[in-house]
**Q** 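Sharing a structure here in C-alpha cells format.
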Amino acid sequence: MSAVATEYETVIGLEVHAQLATRSKMFCGCPTTFGAPPNSQTCPICQGMPGVLPVVNRRAVELAVRAALAFGLRVNPACRFARKHYYYPDMPKNFQISQYEEPLAEDGSLELEVDGAPRRIGIQRLHLEEDVGKLVHEGDFATALSSLVDYNRAGVPLMETVSRPDLRTPEEAAAYLKAFRAVLLALGVCDGNMEEGALRCDANISLRPRGSTELGTKVEIKNLNSFRNVQRALSKEYAHDYRYFPEPDLVPLQMDAAWVESTRAALPELPRARRQRFVSQYGLPAYDAGILTQSTALADYYEAAVRAHPANPKALANWITSELLREVDAADDTAIARSGISPARLAGLVLLIDDGTISGKIAKDVFARMLASGEDPAAIVKREGLTQVADAGALEALVDAAIAANAKAVADFKSGKTAASRAVVGQVMKASGGKANPAMVDRLVQEKLSRM
Amino acid sequence: MISRQDVEHVARLARLALSDADLERMREQLNGILGYIDKLRALDTTGVEPTSHAVPLVNVMRDDATRPCLSPDEALANAPERSGQFFRVPKIIEE
Amino acid sequence: MRTIHELTAAFAKGEASPVGVAEDYLARIGALDDRLGAYLTVTRDDALAAARAAEARYRAKAPLGPLDGAPVALKDVFCTRGVRTTCGSRILERYVPPYDATLVERLKAAGAVILGKTNMDEFAMGSSTEHSAFQLTRNPWDLARVPGGSSGGSAAAVAGGLAAGAFGTDTGGSVRQPAAFCGVVGLKPTYGRISRYGLVAFASSLDHVAPFALDITDTALLLAATAGHDPLDATSVDAPVPDYVAALASGVKGLRVGVPDEYFGAGLDPEIDRAVRAAIDVLRDLGAAIERVSLPTTEYGVATYYVVAPAEASSNLARYDGVKYGLRVPGGKDLIDMVSRTRAAGFGPEVKRRVMLGTYALSAGYYDAYYGQAQKVRTLVRRDFEKAFARVDVLAAPTTPSVAFKHGEKSDPLAMYMNDVYTIPASMTGLPAISVPCGFNGSGLPIGLQLIGRPLDEATLLRVAHAYEQATPWRQRRPELS
Ligand SMILES: [Mg+2]
Ligand SMILES: [Zn+2]
C-alpha cells in the first residue's frame, strides 16, 4: 500500500439546462420566441411586478415527465416548487422559482458510447425552473459603468438535469451532451439550439486520487464564453445562502400513476435504440447507423426511403450519407425537408440503378438535377434520354468500331496484357455518351478480343 | 441569541445598508422577538406534517397558451433608469 | 350614513343618483380627510366617470347588480391600472401599475365607484397604520387613537362615512382588528375565496382580500361580487359561490356556537370580556346552542405567525431593488451598493425589522428551527380547529384583547404584535372569520365580536352575524365628525 497517491483522476458532473419546447413561458402567457426586441416579450408576471402570481404551464410539466421517463428517472408521485433566493438584476423577483427538496424526478441514467465502448452515466435529478433575463454590458466589460437588462427570457421554462459525477474525460462529457441532446430532440422536448441558449451546460469538475470514492474539492466551471455566467458563479459564491422554501403561491403537483404510465408507453423510439435497430434490421455499419440517427427527421427520412425500396437499404444509406448530407445539415430537421428530394424520389433513383436503367455515374447527374428542380428521377432520365444502352446489337457495332480504331490495344491484349481491354471499354463508353451498360460492354469486349 | 456579526450577515443577505446604530438597534429588537419566538421549541412536532397552504389544493395548472404582452414602453414605464428598450443598472462589481 | 344596499335601492327607485352620491362622498372626503387621513389617493375623475356610467344604466333600468354605483375605497395594496399603488411605502411612492388586480376588475365589472386608495401600514406590516410612510390615520371615534391596521385607512373611511364600503387585506388580523377598532364589519373570507392576483404580497400563504362594510347585508354583497375562482391565482379555490344574501334570513336556531376558553384569558380587557359574553348570551337567546371548546395551541399563534409572515415577506419584498420600478437611490459604488441603499432608504423600520427577521429565519442552519417548526405548529393549530368544528358550527370570541389605543402608545414591536393574538389563528388556518360590532366601552370606543367558521362556510358566519346584528342596536350608533 502506497502512502502517497501518485495518480489522480478527473471527476466531472454536468448540469444541463434545457429550454422546454412550449409556446408560452413557465408561469405566464408570454411567448418564448427567440430574438424579439428587448423587453417586448414581458408581462407583469414575468417582470415580477408587485401583486403578480405564477401559474404552472401544464405543457412544461408534460414535457419534463417525458424526458424523465426517457432517461429512466423515477417520476415522484408528488413534487413541489421552491423559491431560490439571490440578488441579481436579470432575475426580476430576486428569487427563482425552481424545485429543491421535492424535484419532479430522480435517479436515472443516460447510455452513451465513447470510442465504441458503452458507458452509463447516472442522472441524479430532473427539475423544472424558470430562466432569468439577459444582462448586457454597456460597452466593454472592463470599462462599462452600467449594464442593460432585457427580461424577454425571464420566465422561459427550463428543465435542469444534474448528472452524477460519473464522467472522467472531456470527451465523455462531450459525448454525454451530444447523446442528451439527441434524446431531447427525439422526444420533441427541446429544440436543442445551443446558439440560442436552448441547451446550456455547466460542469462541476474535481480531482481525486484514483480509486478513491470521495469527491475532491469541487470547481464549478460555467460556460466560459459568457461573462454573465462567470459573474453569476461569483455572485452565487458570495450569496451562497439560497434560503429555499416552498413557493407559497403554487400548490403541489401530484402525478397520476396511470397518466405517467401512458406517457411512458407513448414515448418514441430513442436515438440509441434506433441506431442499434438500423444495424440489426438493415445491416448497416454502426458508423452509418450513427449518422442516420443523429436526428429524428433524418432517421425518419431514411426509413421512409427504405419502405419505398426495401431491397437495398445499404445503397440508400450510402446515398444519404455521401450525397444528400453533402447538401443539407444532418442536425437541421427542416433542412432535410427543404432539400426537395423526398424519400420516395431518392428510393426511385436507387431503383433505377438497381434495375439497370441507369449507371451509377449517370445517377449522380440525375441526383444533381433532382436537387435543382425537385423532379422525379424517372422523368429526368426519360426526358434527357439517359437510359443505358443495353441493346446487344447496338453495342456490338460500337465495340467493333472501337476495336478497329485501337490496333495497339488489340496487340497488347494478344501479347497477354489483358488490362489493355480497358482502353477499348473506355472508348465504347465515351462513344455512347456514358449511356452504355458498362457490364455488357466489358463482356462484349472480352469476348471479341479473345476470339481475335 | 443573535450576535452583531449575525445581524451584519443577515443585513448583507437582505441587501439592507444599515448604519452602526441601526445594526445595534436591530440586534436588540431581533433578540427580543426571537426570545419570544423561542417558545415554539417547547412544542413537540415529531411526525407532524408542515402546513404550507391553508387550503389543500393540488395540480393547479394552465394551458400552454400565449397572452398579449406589455409593450416595451409599458414594461419600462416605471423604470428608474432606461437606455433605449433596456433597463439600465449600475455596473456589477463582485466582492 | 347609508349602507350600500340602501343607496342602490334608492338609485333603483330614482330617489338618489350615483353621480350625486359620489359627489357627496368626494365632498365629505375633501372636508374631513385632512383630519382623518384615510386616503392616500383620491381618484375623483375616475369615480365621477364610473358614477355617470352607473347613472346611465339605472336610467336605462339596466343596473349591473347590487353594487352598481356603490362608492367604495380600496386599500393602497391593490394594483390599479394607471393609478399609483404605494403600499404605504416610499419604495413604491411613484409606482403606477400597468394592470388591475382581479378584485378591482370584479368591482369595476359590478359597477362600483372607486373613490380612491386608502392608507395602510407599510406593506401591510402593522396593527395601527402608524407604519405608513406617508401619514397618520385617525380613528373616527377618537382622533387621538389609531384606527387599527394594517387596513386602517379603509376601516376609518367606512366608519367615518368617507366610503360606503371598502376592501382591505387581512394577513394576521389586518381587517378584523381595524373593523373592531372602528365599529364596522370586517370579514376575512376563507383563504383562496377571493383572488389575490394584483394584491401586493406581504405573506403569500396568509394574505386574504377582505371587505369592510357598515352592516352584514353589505358585507354579503361585497363578498358575493368578488369571491370565486380566478385562473390567475393558483391558490384560488374553485368552488361555487353561494347566494350569501339569501342565506342571511335563516337565523341561528339549532346552530351550535363554540366559545374557546383560550380567547378569554389573561390580557383580555374586562370591558371587552363582558361585551363579548353578552353577545354570546344574545346568540343563546336567539336559539343557538352554546358550548365551551378548547384551542390549546392559541398561545403559540403569535410566535408562529412572526416566523411565517416575516419569512415570506423577506422573499416577496426582495423584488424592490431599484432596478425595474419604484425608488432608486442613485450613486454608490456599484449595483449591490445601489440596491442596499435603495432598500435601506425605501423601507421603514418595521419593514426592515421583518425583512431581517424573515431572512434570518430562512437562512442556512436556522430554517428547521424557525420556518420548518412554525409550519408544523400551523398543522397543530389546524387540528385544534378541526376538533372544535367536529362539535360546533361557529366559534365566538373577542376580535382584539383591547380597544383602539392612542397613537404612539405601542412603541415596542412585540407589544404591537400581541394585539393580533385572537385574529392570527384564523389567518394561519385560512378559516373564514368576521368581526361584528358588539358594543362600546365606557369611553365610547367600539368593541368587536369575532366569529370563526368552517372552511368555505362564510354563509353560516354571515347568517349568525346577521341574526346578532338585527337583534342589537350597535349599528345605529355612528361617530360624530363635523
Ligand atoms: Mg438551475
Ligand atoms: Zn410574462
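Since the structure is predicted, the reported quantities are computational estimates derived from the model, not experimental observations. Chain A is the first sequence line, chain B the second, and so forth, proteins listed ahead of strands; every chain is numbered from 1.
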**Q** For residues Gly326(C) and Pro80(B), report the shortest heavy-atom separation together with the two atoms involved.
**A**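 Closest pair (atom of Gly326(C), atom of Pro80(B), distance): O-CG, 3.6 Å.
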**Q** Side chain, backbone, both or neither: which part of Arg94(C) has a heavy atom under 4.5 Å from chain B?
**A**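 Answer is backbone: N, CA, C or O of Arg94(C) sit under 4.5 Å from chain B.
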**Q** Keeping the roles fixed (side chain from Asn78(B), backbone from Val96(C)), state whether a donor-acceptor pair exists under 3.5 Å.
**A**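 Yes: the side chain of Asn78(B) pairs with the backbone of Val96(C).
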**Q** What are the two closest heavy atoms between Tyr36(B) and Ala303(C), and how far apart are they?
**A**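 Taking Tyr36(B) first and Ala303(C) second, the nearest heavy atoms are CE2-N, 3.7 Å.
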**Q** Check the pair Asp38(B) / Tyr370(C) against side chain to side chain contact (heavy atoms under 4.5 Å, CB included), numbers first and verdict last.
**A** CA-CA 9 Å; Asp38(B) 265 352; Tyr370(C) 290 110; 3.9 Å; yes
**Q** Highest number of heavy-atom pairs under 4.5 Å with chain B: which of Tyr417(C), Tyr95(C), Tyr306(C)?
**A**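 Of the candidates given, the most pairs with chain B belong to Tyr95(C).
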**Q** Roughly how far apart are Tyr99(C) OH and Leu70(B) CG, rounded to 0.5 Å?
**A**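 Reported to 0.5 Å precision, the distance equals 10.5 Å.
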**Q** By a 4.5 Å heavy-atom criterion (distance strictly below it), what part of Leu232(C) contacts chain B: side chain, backbone, both, or neither?
**A**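 Contact with chain B involves the side chain of Leu232(C) alone.
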**Q** To the closest 0.5 Å, what do you measure between CD (Gln29(B)) and CG (Leu414(C))?
**A**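 Gln29(B) CD to Leu414(C) CG: 10.5 Å, rounded to 0.5 Å.
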**Q** So for Ser427(C), is it side chain, backbone, both, or neither that comes closer than 4.5 Å to the heavy atoms of chain B?
**A**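 When you check distances to chain B, no heavy atom of Ser427(C) falls under 4.5 Å.
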**Q** Begin from the C-alpha positions of Tyr360(C) and Leu30(B) and carry the test side chain to side chain contact (heavy atoms under 4.5 Å, CB included) through to its verdict.
**A** CA-CA 10 Å; Tyr360(C) 181 70; Leu30(B) 291 185; 5.7 Å; no
**Q** Determine the minimum heavy-atom distance between Pro90(B) and Leu335(C), stating which atoms define it.
**A**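 For Pro90(B) and Leu335(C), the tightest heavy-atom pair comes out as O-CB, 3.6 Å.
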**Q** Just verifying a value: how many Å separate Thr46(B) OG1 and Lys376(C) NZ, rounded to the nearest 0.5 Å?
**A**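 Nearest 0.5 Å value for the OG1-NZ distance: 8.0 Å.
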**Q** What residue, out of Arg82(B), His53(B), Glu49(B), Arg62(B), has the most heavy-atom pairs lying under 4.5 Å from chain C?
**A**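 So the answer, after comparing Arg82(B), His53(B), Glu49(B), Arg62(B), is Glu49(B).
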**Q** Counting only non-hydrogen atoms closer than 4.5 Å, does Arg67(B) touch chain C with its backbone (N, CA, C, O), its side chain (CB onward), both, or neither?
**A**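 Looking at Arg67(B), just its side chain touches chain C.
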**Q** Relative to chain B, which of Ser340(C), Gly430(C), Ala344(C), Ala369(C) shows the most heavy atom pairs under 4.5 Å?
**A**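 Among Ser340(C), Gly430(C), Ala344(C), Ala369(C), the one with the most close pairs to chain B is Ser340(C).
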**Q** Is Lys387(C) atom NZ crowded by more than 12 heavy atoms from other residues, nucleotides or ligands, each under 6.0 Å away?
**A**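 It does not: Lys387(C) NZ has 12 such atoms or fewer within range.
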**Q** Over all heavy atoms of both residues, which pair between Leu40(B) and Gln373(C) is shortest? Give the atoms and the distance, please.
**A**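 For Leu40(B) and Gln373(C), the tightest heavy-atom pair comes out as O-NE2, 2.8 Å.
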**Q** Relative to chain C, which of Val60(B), Ile2(B), Val48(B) shows the most heavy atom pairs under 4.5 Å?
**A**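 It is Val48(B).
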**Q** Does Glu74(B) come within less than 4.0 Å of Arg81(C), counting only side-chain N to carboxylate O?
**A**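 So Glu74(B) pairs with Arg81(C) through a salt bridge.
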**Q** So for Pro413(C), is it side chain, backbone, both, or neither that comes closer than 4.5 Å to the heavy atoms of chain B?
**A**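 Answer is side chain: those atoms of Pro413(C) sit under 4.5 Å from chain B.
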**Q** Tell me, with the steps shown, if Tyr366(C) and Asp6(B) meet side chain to side chain contact (heavy atoms under 4.5 Å, CB included).
**A** CA-CA 12 Å; Tyr366(C) 297 101; Asp6(B) 290 339; 4.2 Å; yes
**Q** Would you mind checking which part of Arg25(B) comes under 4.5 Å of any heavy atom in chain C, side chain (CB onward), backbone (N, CA, C, O), both or neither?
**A**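 Arg25(B) has no heavy atom closer than 4.5 Å to chain C.
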**Q** Report the residue from Arg378(C), Arg383(C), Arg382(C) that forms a side-chain hydrogen bond (donor to acceptor under 3.5 Å, both in side chains) with Thr51(B).
**A**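 For Thr51(B), the side-chain hydrogen bond (donor to acceptor under 3.5 Å, both in side chains) test succeeds with only one of Arg378(C), Arg383(C), Arg382(C), which is Arg382(C).
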**Q** Compare every heavy atom of Val355(C) with every heavy atom of Leu16(B), then report the nearest pair and how far apart it is.
**A**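 In terms of heavy atoms, the two residues are closest at CD1-CG1, 4.1 Å.
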**Q** How long is the gap from CD1 on Ile33(B) to CE on Met356(C), to the nearest 0.5 Å?
**A**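 Taking CD1 in Ile33(B) and CE in Met356(C), the distance rounds to 11.0 Å.
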**Q** Are any side-chain N or O atoms of Lys352(C) and backbone N or O atoms of Leu18(B), one a donor and one an acceptor, separated by less than 3.5 Å?
**A**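 No.
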**Q** Let me know if Ala11(B) has heavy atoms under 4.5 Å from chain C in its side chain, its backbone, both or neither.
**A**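 When you check distances to chain C, atoms from both the backbone and side chain of Ala11(B) fall under 4.5 Å.
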**Q** If I measure from the heavy atoms of chain B, does Val308(C) come under 4.5 Å with its side chain, its backbone, both, or neither?
**A**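 Neither part, no heavy atoms under 4.5 Å.
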**Q** Restricting to non-hydrogen atoms, name the atom on Leu13(B) and the atom on Ser363(C) that form the minimum distance, rounded to 0.1 Å.
**A**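 Smallest interatomic distance, heavy atoms only, reads CD1-CB, 4.2 Å.
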**Q** Looking at CD1 of Ile37(B) and CG of Leu357(C), how far apart are the two atoms once the value is rounded to the nearest 0.5 Å?
**A**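 That separation rounds to 5.0 Å.
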**Q** Go through the atoms of Ala318(C) and report whether side chain, backbone, both or neither lie under 4.5 Å from a heavy atom of chain B.
**A**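 For Ala318(C), there is no contact with chain B at all, as no heavy atom is under 4.5 Å.
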**Q** Rounded to the nearest 0.5 Å, what's the gap from CZ on Arg15(B) to OG1 on Thr342(C)? Could you check?
**A**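 Separation between the atoms: 12.0 Å.
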